[in-house]
Amino acid sequence: MQTGSLILYMIAMAVTPGPNTILSMANASAVGLRKGIWLNVGMLIGISAVTAISYAAVSLLSSLLPQIQPFLMWAGAAYILYLAWKTYHSGPITGEQKSAGFVEGMLLQLINVKVYLLAITAISSYILPMEAGSGTKAAISALIPLICFLCGLVWAIGGVVISRLFSSHAKAIRTILALSLVYCAIRILI
């Protein structure tokens, strides 16, 4: 069983910078962890839905992927560019800053190409080939959203920790975060 490799793969995919981690960090930095937690809960629900759909339909998706991949890539890149624009043009940080919420977090996951790649690759390469019962495989699949949620919280906590730095250098940091998101969008399309 390659469970160790699977978990390392999931952690590496979930903790590396991407739309989830950058938005989680920026949101928590702007509004704090308590107000910003709903974004992460929305991400958890969205990742759970993507994982469940991927698990149930991985064989179908593998035959349809060449047809739907361009749509997923463009939709994901467009949404990430929208997030970059919102990040760059966000106003100064105040106590009344509106946080990205549950719906935004969930919608991000439904079009986040990185989440689909994580779920489809983990399920097709690691989980389904395991010699284990379907209950065990489903339980192991549930680790995908859990690990993504925990990694998003790490970035959110990091955002809270650096919020003082963020408020002192808000424009520069927003620019870096926005450019990071633009880079993510470009990487999806290239």
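Just so you know, these numbers come straight off a predicted model, no measurement behind them.
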Notebook entry, point to check: Looking at OH of Tyr82 and CD1 of Ile111, how far apart are the two atoms once the value is rounded to the nearest 0.5 Å?
Noted result: 10.5 Å
Margin query: Can you confirm whether Leu118 sits close enough to Cys148 that some side-chain heavy atom of one is under 4.5 Å from a side-chain heavy atom of the other?
Written below: yes
Item checked: Gap between atom CG of Leu81 and atom CH2 of Trp74 - 0.5 Å precision -> 9.5 Å
Check: Where do Ala14 and Thr21 come nearest, in terms of heavy atoms and distance?
Finding: O-CG2, 3.5 Å
Next item on the list: Grab the two heavy atoms, one from Tyr116 and one from Leu110, that are nearest each other, plus how far apart they are.
Entry: OH-O, 2.8 Å
Checklist line | Side chains of Ile123 and Ile144 in contact at under 4.5 Å (non-hydrogen atoms) | finding: yes
Next item on the list: State whether the side chain of Glu104 and the backbone N or O of Gly101 hold a donor-acceptor pair below 3.5 Å, judged by distance alone.
Entry: yes
Check: How many angstroms lie between atom OH of Tyr55 and atom CD1 of Ile120, to the nearest 0.5 angstrom?
Finding: 14.5 Å
Next item on the list: Would you sort out whether Leu179 and Thr175 count as a side-chain contact (heavy atoms from CB on, under 4.5 Å), showing the intermediate values?
Entry: CA-CA 6 Å; Leu179 289 173; Thr175 301; 3.9 Å; yes
Notebook entry, point to check: With side chains defined as the heavy atoms from C-beta onward, is the minimum distance between Ile47 and Asn20 less than 4.5 Å?
Noted result: yes
Check: Quick one: are Met43 and Leu23 in side-chain contact, heavy atoms under 4.5 Å?
Finding: yes
Next item on the list: Looking only at non-hydrogen atoms, find the nearest pair between Gln109 and Val50 and report the distance.
Entry: O-CG2, 3.5 Å
Check: Taking all atoms of both residues into account, what is the closest heavy-atom pair of Asn40 and Ala156, and its distance?
Finding: OD1-CB, 4.2 Å
Note to self: Main chain of Met130, side chain of Lys137: is a donor-acceptor contact present, judged purely on distance under 3.5 Å?
What the structure shows: yes
Note to self: To check you understand the geometry: which heavy-atom pair defines the closest contact between Thr51 and Pro145, and what is its length?
What the structure shows: OG1-CD, 3.7 Å
Next item on the list: Return the minimal non-hydrogen interatomic distance between Ile127 and Ser141, and the atom names on each side.
Entry: CD1-OG, 3.5 Å
Margin query: Can a donor-acceptor pair be found, under 3.5 Å and without considering hydrogens, that links the side chain of Ser24 to the backbone of Trp155?
Written below: no
